[in-house]
Amino acid sequence: MKASSKFTTGERVLICYAIFFLLFLYIPVLFLPLFSFSESQYMTFPISNWTLERYMTMWQKTKLQDALYASIKVGIFASVISTILGILVARAMTRYIFPLKGLVMGFTILPMVFPEIIMGVGLLIFASFVGMQLSLITVTAGHILICLPFSTVILISRFEGFDRSLEEASLDLGENAWQTFRRITFPIVWSGILASLLLTFTISFDEFLIAFFLSGDEPTLPIYIYGQLRHVKYIPYMLALGSIILLVSFVTISFA
């Protein structure tokens, strides 16, 4: 008896489409680490001389270290605060009924689809209007605004994914709302909280436009890279740095 085909024609088409889409998306990005090993200042192929010199010496640049440290600080604060706010929004949306609930949810996720360049200009005008000095604080505030929708979407799906009767049983047994959240809800939704922290940190760490408008004398890493790309001699170092960021971002997003 002849075995039936493992995949139907439609499934084969979808698999081919997925492979083509991934190749189209990631092959150009893979040239970044490839040329980072080239000894030449120019991106030419084939590569004649290979070197690790850029990876070994780029960390000696003090401004690069400062920019990296600034991005890490902003990313940590933005991810933690946006996740805390996301927990509150997600719990309100999945547990309570209140007026204008749909409108509140719409405004919460609006920054996800709103053009960042318009948002950056608006935040810059607002900061100038209230007399706020541009610094990492303003950058962090802008990043919280754009990270909150992603955190909310992740956490809403997690809050809706477990049995609500577990919380009701805890309350019936005499635990208050905070103890119920700490002992019952938090352990169940922990995977969503971790995913939110990792994803929002990556979004904040890689974000350019908001930081471009709101950063002061302390540039974040994307701003520093943008400034260095105007000089040909610094491009190989930025390729090496970009390769490391690409690897870390890929691992973080995959884990999230």
Side-chain angles (χ1 to χ4, degrees), residues 68-98 100-120 122-123 126-127 135-164 166-167 177-178 180-215 220-222 245-246 248-256:
L68 176 62
Y69 181 55
S71 285
I72 292 175
K73 286 195 298 183
V74 171
I76 290 175
F77 278 101
S79 62
V80 171
I81 296 175
S82 62
T83 298
I84 292 174
L85 295 176
I87 292 173
L88 299 176
V89 174
R91 184 167 179 81
M93 291 297 169
T94 56
R95 293 293 184 270
Y96 305 104
I97 298 176
F98 52 89
L100 304 178
K101 180 177 179 179
L103 185 63
V104 171
M105 184 61 187
F107 275 110
T108 301
I109 65 173
L110 183 62
M112 185 183 293
V113 296
F114 202 74
E116 283 193 16
I117 188 169
I118 304 300
M119 190 181 304
L123 291 173
F126 177 78
S135 64
L136 292 182
I137 295 177
T138 54
V139 175
T140 303
H143 284 189
I144 292 172
L145 183 63
I146 63 174
C147 289
L148 179 58
F150 294 94
S151 175
T152 300
V153 170
I154 293 173
L155 291 167
I156 283 179
S157 64
R158 194 66 189 95
F159 270 94
E160 290 179 340
F162 73 93
D163 191 357
R164 193 178 304 181
L166 296 174
E167 293 179 326
W178 165 246
T180 297
F181 178 82
R182 181 172 61 88
R183 295 182 177 182
I184 304 298
T185 309
F186 183 80
I188 295 176
V189 302
W190 165 244
S191 60
I193 294 174
L194 180 60
S196 172
L197 288 170
L198 293 174
L199 182 60
T200 52
F201 176 83
T202 303
I203 292 173
S204 173
F205 188 84
D206 293 342
E207 205 282 326
F208 172 78
L209 280 175
I210 300 297
F212 179 80
F213 285 103
L214 299 180
S215 62
T220 59
L221 192 59
I245 295 174
L246 177 65
V248 173
S249 299
F250 177 78
V251 172
T252 303
I253 290 296
S254 299
F255 185 71

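These numbers were taken from a predicted model, which means no experiment stands behind them. What you see below is based on every heavy atom in this structure, not just the backbone, and it leaves out hydrogens, waters and symmetry mates. Note that the numbering runs from 1 along the sequence shown for the chain.
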Verify the neighbour count for atom [atom1] of [X]: are there more than 12 heavy atoms of other residues, nucleotides or ligands below 6.0 Å?
X	atom1	value
F77	CZ	no
F208	CZ	yes
L110	CG	yes

Closest heavy-atom pair and its distance - [X], [Y]:
X	Y	value
E116	I210	O-CD1, 3.8 Å
I72	F201	O-CE1, 3.8 Å
F205	L221	CZ-CD2, 3.7 Å
V80	L197	CA-CD2, 3.9 Å

Study note, to complete from the structure: side-chain contact (heavy atoms from CB on, under 4.5 Å) with V89: of L155, T152, V104, only one passes, and it is T152
Review point. Could you give the distance from CD1 (I84) to CG (L148), rounded to the nearest 0.5 Å?
Key: 11.5 Å
Point to revise | side-chain hydrogen bond (donor to acceptor under 3.5 Å, both in side chains) between T200 and S79, worked out | key: CA-CA 5 Å; T200 52; S79 62; 4.6 Å; no
Exercise for review: State, with a plain yes or no, whether a side-chain heavy atom of E207 is found less than 4.5 Å away from one of V74.
Suggested key: no
Check your understanding: Would you say I87 and V189 make side-chain contact, with heavy atoms under 4.5 Å?
Key -> no
